[in-house]
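Note that the numbering runs from 1 along the sequence shown for the chain. Keep in mind that the numbers below use all heavy atoms, side chains included, and drop hydrogens, waters and symmetry copies. Atoms within a ligand are numbered from 1 in the order they appear, just like the ligands themselves.
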Amino acid sequence: MSTTTRENWTSKRNFILAAAGSAVGLGNIWKFPYIAGENGGAAFLIIYVICILMIGIPILNLEILLGRETQKNPVGAFKQLSTNPLWQYVGGLGVVASFTILSFYSVVGGWSIAYMLEAINGTFKGFENPQVAGEFFNLKNSNANWVLGFHTLFFLITVGIILSGVRKGLEKVSRYLMPLLLLILFFLVFQGLFLPESEKGLEFLFAPDWSKINAQTFLLALGHAFFTLSLGMGAMMTYGSYLSKKDDIVHASNIIAFLDTFIAILAGVAIFTVVFSSGYSPTAGPGLVFHVLPPLLAKLPLGYIMSIMFFLLLSIAAITSAISILEVSVAYLMDEFSFSRKRATSIMSIAVYLAAIPCALSFNVLSDVTLNIGAKPYTIFDIFDYLASNIYLPLGGFFIALFVGHAWGVDKAIKGLLMGDSNNSRFGNSIFKNATVVSVFGFLVKFISPLLIFLVFLYQFGLI
Ligand code: PFF
């Protein structure tokens, strides 16, 4: 494949939709609401937005740029830009992360499809309260065939899209599904806002309680900023490698980050208005959308439709992200070993599918296999999630910032970012014609990002 021309996006708009499709995923709709719910709502939101602005957006620009400069997968990109072979391992870490994330991601993706079908069946109408829904969820998950079956279905859909290539697969799916996702979300938010006592949900999300903030909050917010923007493992680099030099990366990154944050907030509004208006607490953890929401949604005036729409939303979000995760390892095999897309996809899918099985079984057959991190027992599923969000992605981000800041050079990055025209003077790359913006960006990339990520690591391992 490397001898033929590389596929590319038909337009910058379609690149933005695909990249936003990668960013907007389970992180926004499944994870963000429960992490915010467990960590003080608005107080978490503010720290998370600061992480997005100071670390997320600069690294998003750099990842896309490194991909576009080299037109390569993450391993190939570092190989091309540096004479020191060690940097390739940062790209390699991305390939490992793509295995890890997809393993637990496709289990949750499978749940989303299964729940959409249950919603169509009208199952949730029979649930008295979230407790009953929780028991249903646990019962379903105790059946290994059920979890594995839906995980396989989700995985096959992902593989089918990847096999179709950049334009016919990745681009086409995001072009149709992302507008649909936004439409469904608006509908859910609209309904939520009209529920009695919905203002309590809004207050929870927008009125900060600073007493809830501690060092752990920063760790979670930073890890989540990476996860939600698909940073640190080369997904944005791989998508950037299909982008034309005529397009403005700065403008595209700003839109992607804005859409991602906006959609997480909308998902928070849609979920917290329903939860608070029914008098429940949002601190239910990962089970929030699967335990708490189904019975509450089913009781709403348009309950039947709302439940279907919610789980359709979750499935769409999961699929447009999962394809970007698998594409990283497929692009790696295509570029580095000159495999055809079909061959690369077959090999990687089988490998990732096998790696994911223990994750799917950690709710039943392997539920006793746990590891204590701190005082909490982590199942295999939890460990994969923890490794990806709290270690691999921030570590990848740390090295990308170090690479650009101290090896490749911020000046080269600025030159690359100035390439391409968006005709947008406020949010486009012309802001880099301003010397202050250039110095702030350089300072963030060279010092602030690596330092903050490093501190978070020290804290995580109990060293500070
Ligand atoms: N950004 C996705 C989400 O929020 O669900 C998850 C993700 C996709 C992480 C792609 C990393 C990645 F490379």
Under 4.0 Å between heavy atoms, the region of Phe227 that gets near ligand 1 turns out to be both

Under 4.0 Å from ligand 1, counting heavy atoms only, is it the side chain of Ser324, its backbone, both or neither? side chain

Side chains of [X] and [Y]: donor-acceptor distance under 3.5 Å anywhere?
{"X": "Ser253", "Y": "Asn61", "answer": "yes"}
{"X": "Ser174", "Y": "Thr320", "answer": "no"}
{"X": "Thr379", "Y": "Thr370", "answer": "no"}

Answer with yes or no whether Tyr105 contacts ligand 1, where contact means a heavy atom under 4.0 Å from a ligand atom. yes

Side-chain ion pair, Arg341 and Glu327, N-O less than 4.0 Å: yes

How close does the nearest protein non-hydrogen atom get to [atom], and which residue and atom is it?
{"atom": "atom 4 (O) of ligand 1", "answer": "Ala23 O, 3.0 Å"}
{"atom": "atom 2 (C) of ligand 1", "answer": "Ser22 O, 3.3 Å"}
{"atom": "atom 8 (C) of ligand 1", "answer": "Ser230 OG, 3.3 Å"}

As an exercise, identify every atom of ligand 1 less than 4.0 angstrom from a heavy atom of Met233. 11 (C), 12 (C), 13 (F)

Is it the case that Lys376 places NZ or CZ above or below the six-membered ring of Tyr378, under 6.0 angstrom from the centre and within 45 degrees of the axis?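 Geometry flag: set, cation within 6.0 Å and 45°.
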
Is the cationic atom of Lys212 (NZ for Lys, CZ for Arg) positioned less than 6.0 Å from the six-membered ring centroid of Phe44 and within 45 degrees of its normal? no

Would you say Gly27 has any N or O atom under 3.5 Å from an N or O of ligand 1, going by distance alone?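 Between Gly27 and ligand 1, an N or O pair is found under 3.5 Å apart.
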
